[in-house]
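Notes follow the structure.
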Amino acid sequence: MRRRTGGITIKSERELALMRQAGKIVAEAKFHVMEAVKPGVTTGELDSIAEDVIRKMGAVPSFKGYAAGGPIPFTGTICASINEEIVHGIPGSRKLNDGDIFSVDVGAIVKGFHGDSAFTVGVGDISDEAQRLIDATRKSLNFGIEQANSGARIGDIGNAVQQYAESQGYSVVRKYVGHGIGRALHEDPQVPNYGRPGRGVLIKKGMTLAIEPMLNIGTHETVQLDDGWTVVTADSELSAHFEDTIAITADGAEILTTPDGYYF
Ligand code: MG
Ligand code: MG
């Protein structure tokens with residue numbers, strides 16, 4: 001989703017509680033979508049599952065009708081991106097095939113506060129190469145989150161993601177980045193998946209960030225398709241994406257969109 005910034009905000013305890021609730025609903029939507037991923041299912045069916053979970057839990061999908069990305073509002077509850085599609089795939093009648101990798105991005109709003117999270121999963125039997133990419137992408141997010149401490153800087157996060165990704169032979173997407181989050185889906189600061197340690201905005205307690213590495217097997221260059229949303233790798237090689245919304249606490253990051261008891 002294209003960035004729209006609303007300044008860097010420090011959340012109150014009440015606001016954090018709402019974001020925790022939004023995060024839990026996002027986790028539940030992720031869980032139900034993941035359980036339903038199999039060859040033959042359409043991305044539209046998975047989108048309905050996510051929307052049902054979010055609405056039944058009293059929240060509103062963050063992405064549906066989102067119009068800041070361009071002239072065409074987004075029509076899905078999830079972004080459904082397959083194989084070389086990096087982010088922002090539009091759910092619809094396309095079926096998942098055995099051997100695909102599938103990236104799901106989903107957001108939910110509780111009383112005006114957003115949660116935003118993504119994961120990539122294999123469909124049926126996938127290649128070792130594809131599984132290795134997925135595992136490295138999740139791991140790169142964890143390394144980024146480890147750096148998200150009060151007193152550190154945004155560049156520490158991106159540097160940790162980039163160092164690990166590149167050590168595994170992958171490139172990190174530059175054009176699309178993580179972000180602050182709260183009353184708006186995209187707030188300041190931007191959280192790139194690359195950078196230099198000790199550089200960038202100072203991280204403070206009460207900040208809430210969405211960290212979201214996108215790792216590619218080939219080039220980091222991207223192309224946007226004519227549908228106005230779907231972003232693919234320029235060389236059509238595979239891409240994976242993981243994202244969590246976190247809150248900065250006195251002792252490190254609290255992961256809001258993958259709370260305890262959820263496994264990805
Ligand atoms: Mg997202
Ligand atoms: Mg995001």
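Ligands are counted one by one from 1 in listed order, and the atoms in each one are counted from 1 as well. By convention here, the first residue in the shown sequence is residue 1.
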Query raised in the report: Between F143 and Y164, is the ring centre distance below 6.0 Å?
Result: yes
Query raised in the report: Would T120 and S103 count as having a side-chain donor-acceptor pair, cut-off 3.5 Å?
Result: yes
Report summary line: To the Mg ion (ligand 2), the closest N, O or S atom belonging to E243 is OE2
Report task. Taking the side chain as every heavy atom from C-beta outward, state whether V191 and V177 have any atom pair closer than 4.5 Å. Result -> no
Requested in this report: Say whether T9 and E187, considering side chains only, have a donor N or O and an acceptor N or O under 3.5 Å apart.
Outcome: yes
Requested in this report: Measuring from the Mg ion (ligand 2), name the closest N, O or S atom belonging to E212.
Outcome: OE2
Query raised in the report: What atom name does the N, O or S atom of D116 nearest to the Mg ion (ligand 1) carry?
Result: OD1
Query raised in the report: Backbone or side chain, does D105 get an N/O/S atom under 2.8 Å to the Mg ion (ligand 2)?
Result: no
